[in-house]
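If you scroll down you'll find the structure; I have some questions about it.
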Amino acid sequence: MTGKKQLKVRIRERMAKTGESYTTARHHIAGPAEARSDAGWRFTGGRCPASAAITAILVNQGADVSEPLVFLAGGGIGAGYILWEFKHDQSRHVVMGFRNQWQYHHRSMDKTLTRLGVPFEQHTTGGVRAASAKLAGELDAGRPCVILPDRHHLGYWGLPATLDGHGGHPVVAYRRDEGGVYLDDRGHATIRVPQDRLDAARARVGTYKNVTHVLGEAVLGEAALASAAREGLRDCAEHLSSASESFSLPAWRKWARMLTDTRHAKGWPNVFSDGRSLAGALLSIWEGAEPVGMEGGNQRDLFADGLDEAAVLLAEPGLAAVAGEFRQVHALWHDLAEAALPADVPEFARIRDLTAAIKQSVMEEGSAGVEQSARTAATLWQVRAAADESFPGGDATALLTDLGKRVNAIYEAERSAIARLATLTG
């Protein structure tokens with residue numbers, strides 16, 4: 001037991017330092033994790049919640065498909081930046097989008113499944129009982145479903161009440177018993193959520209209330225995967241070549257300006273002039289860009305893996321060169337995250353370690369780790385609240401200037417890589 005505990009500490013330390021997922025960090029320290037299953041369900045892990053959920057169901061159906069190709073079929077990467085300010089509690093929240101159509105769950109799921117040739121049904125209903133009964137019927141019939149519950153209400157992430165209704169990400173519901181539903185959330189152990197809690201979580205967010213995707217059996221041959229990859233790449237290049245400053249590459253350029261703009265109302269020097277919530281905003285950058293967060297990181301490495309597979313499928317070696325560019329971009333995002341939440345600031349180091357510990361518990365232990373995760377989360381949010389009251393590093397002007405330069409460098413690198421991709425797919 002002592003050895004196992006020490007191993008977990010070492011894995012968590014590496015996660016907090018590098019931003020790696022639990023699986024990747026464990027692989028580096030202890031070798032590949034043993035494959036696990038529950039009642040016939042095989043856990044496949046994953047990086048991006050949406051593509052991982054689809055991949056998990058397809059693999060459990062017997063399909064030979066990888067998450068990078070599923071991610072590619074959905075349009076690959078995206079870009080998005082929004083700074084929300086809420087008057088009711090004076091809080092500020094930074095939202096970053098890293099995958100194609102990240103803001104539209106329905107569209108993302110529908111086009112990914114359509115391109116792959118996977119038959120599916122999408123169900124929505126305003127009634128909690130009807131939604132619960134529909135999910136129960138599908139699970140009883142042996143059909144796993146992709147659902148989109150609110151993370152706060154799910155409970156196992158240990159989020160505070162202030163994040164009630166702030167949304168969630170896709171997970172797989174794969175079986176149920178008398179009082180609960182079993183979920184696969186990219187981990188390696190089952191997570192059982194009480195039925196009433198899951199019902200409340202699915203009904204919480206109005207824009208995707210009770211949405212359920214039921215996937216049918218698919219035949220994923222090489223030709224089908226090649227076609228899906230080609231369409232997804234064209235979609236990616238077209239989408240990220242648009243002029244939108246909220247949902248395409250110019251969002252990074254806009255964000256770079258806002259980090260130092262002293263005139264604009266949404267400029268960070270103005271929004272965070274009192275020092276409050278700045279630590280939380282910097283944490284949002286780290287959590288968003290690195291896979292240690294709940295959304296799976298900036299996903300440029302996942303996209304690069306998909307490009308490498310597509311280079312073979314489509315007999316287009318130029319895609320491998322673009323993959324190399326995006327691995328360099330992934331490194332830029334990592335450097336940005338490290339600069340935003342530097343480990344040499346004690347409060348930030350503590351926040352990083354606690355955040356990594358929570359994800360480790362969820363990914364590796366599932367329901368067995370919920371109690372420990374809850375205790376860790378309680379400590380985390382106390383530390384975060386204290387840091388949010390006053391920025392630990394004092395004057396943030398130099399930091400924001402540095403971050404602005406880094407974000408602008410990312411914008412230029414991604415614009416160049418997307419331009420190359422457009423020439424290969426046009």
Side-chain angles (χ1 to χ4, degrees), residues 44-59 61 63-80 96-122 144-148 167-172 184-186 208 211-216 218 220 224-242 244 247-249 291 295-311 313-314 319 322-323 326 330 414 417-418 421-422 424-425:
T44 57
R47 289 180 269 181
C48 169
S51 56
I54 294 173
T55 304
I57 293 179
L58 295 179
V59 168
Q61 290 179 351
D64 182 13
V65 65
S66 70
E67 185 190 358
L69 272 183
V70 172
F71 184 74
L72 217 65
I77 58 172
M96 296 180 292
F98 288 108
R99 66 178 174 86
N100 186 289
Q101 298 282 289
W102 59 273
Q103 73 277 30
Y104 297 120
H105 171 71
H106 297 65
R107 297 181 190 177
S108 176
M109 287 290 296
D110 293 0
K111 69 180 179 182
T112 303
L113 296 172
T114 299
R115 285 174 183 158
L116 288 168
V118 178
F120 69 95
E121 296 178 3
Q122 177 186 295
C145 302
V146 179
I147 57 176
L148 191 60
H169 56 255
V171 300
V172 178
D184 181 349
D185 191 353
R186 298 161 293 153
Y208 46 77
V211 64
T212 304
H213 280 85
V214 186
L215 278 59
L220 298 178
L225 290 175
S227 175
R230 185 179 294 107
E231 289 184 49
L233 287 171
R234 287 173 176 167
D235 179 13
C236 179
E238 180 180 353
H239 179 70
L240 290 182
S241 297
S242 74
S244 173
F247 305 117
S248 188
L249 286 186
E295 293 283 357
N298 67 76
Q299 297 162 11
R300 271 53 184 166
D301 55 337
L302 177 61
F303 187 53
D305 291 345
L307 285 167
D308 279 337
E309 292 193 43
L313 269 176
L314 302 177
L319 293 176
V322 179
F326 275 106
H330 175 70
E414 292 201 353
I418 287 297
L421 179 62
L424 294 172
T425 59

Would you indicate whether the side-chain heavy atoms of Leu215 and Pro144 approach each other to under 4.5 Å?
-> no
Evaluate the side-chain contact (heavy atoms from CB on, under 4.5 Å) criterion for residues Leu69 and Leu313: first the C-alpha distance (whole Å), next the side-chain angles of each, then the deciding distance (0.1 Å), finally the verdict.
-> CA-CA 10 Å; Leu69 272 183; Leu313 269 176; 3.7 Å; yes
Does a side-chain heavy-atom distance below 4.5 Å link Asp185 with His169?
-> yes
Taking the inter-plane angle between the rings of Phe326 and Phe303 on a 0 to 90° scale, is it parallel (under 30°), tilted (30 to 60°) or perpendicular (over 60°)?
-> perpendicular
Please list all pairs passing the side-chain hydrogen bond (donor to acceptor under 3.5 Å, both in side chains) test where one or both residues lie in residues 66-78, with sequence neighbours left out.
-> Ser51-Glu67, Ser66-Glu309
Under the side chain to side chain donor-acceptor pair (under 3.5 Å) rule, collect the residues that match up with Arg230, sequence neighbours excluded.
-> none
Which residues satisfy the side chain to side chain contact (heavy atoms under 4.5 Å, CB included) test with Ala237, sequence neighbours excluded?
-> Leu421, Ala422, Thr425
On the 0 to 90° scale, with breaks at 30° and 60°, tag the His213-His105 ring pair as parallel, tilted or perpendicular.
-> perpendicular
Side-chain touch Arg99/Leu302, heavy atoms, less than 4.5 angstrom | no
Would you mind reporting whether Leu240 and Asn100 have side-chain heavy atoms less than 4.5 Å apart?
-> no
Gln122 versus His106: any side-chain heavy-atom pair under 4.5 Å?
-> yes
With sequence neighbours left out, the residues meeting salt bridge (Lys or Arg N to Asp or Glu O under 4.0 Å) with Arg300 are Glu414
Is there side-chain contact between Val118 and Ile54, with at least one heavy-atom pair below 4.5 Å?
-> no
Can you see which heavy atom on Ala226 is nearest to which on Leu314, and at what distance?
-> O-CD2, 3.4 Å
Any residue meeting salt bridge (Lys or Arg N to Asp or Glu O under 4.0 Å) with Asp305, in chain and number order, not counting sequence neighbours | Arg47, Arg327
Pairing residues for Phe71 by the ring pair (Phe, Tyr, Trp, His ring centres under 6.0 Å) criterion, not counting sequence neighbours | none
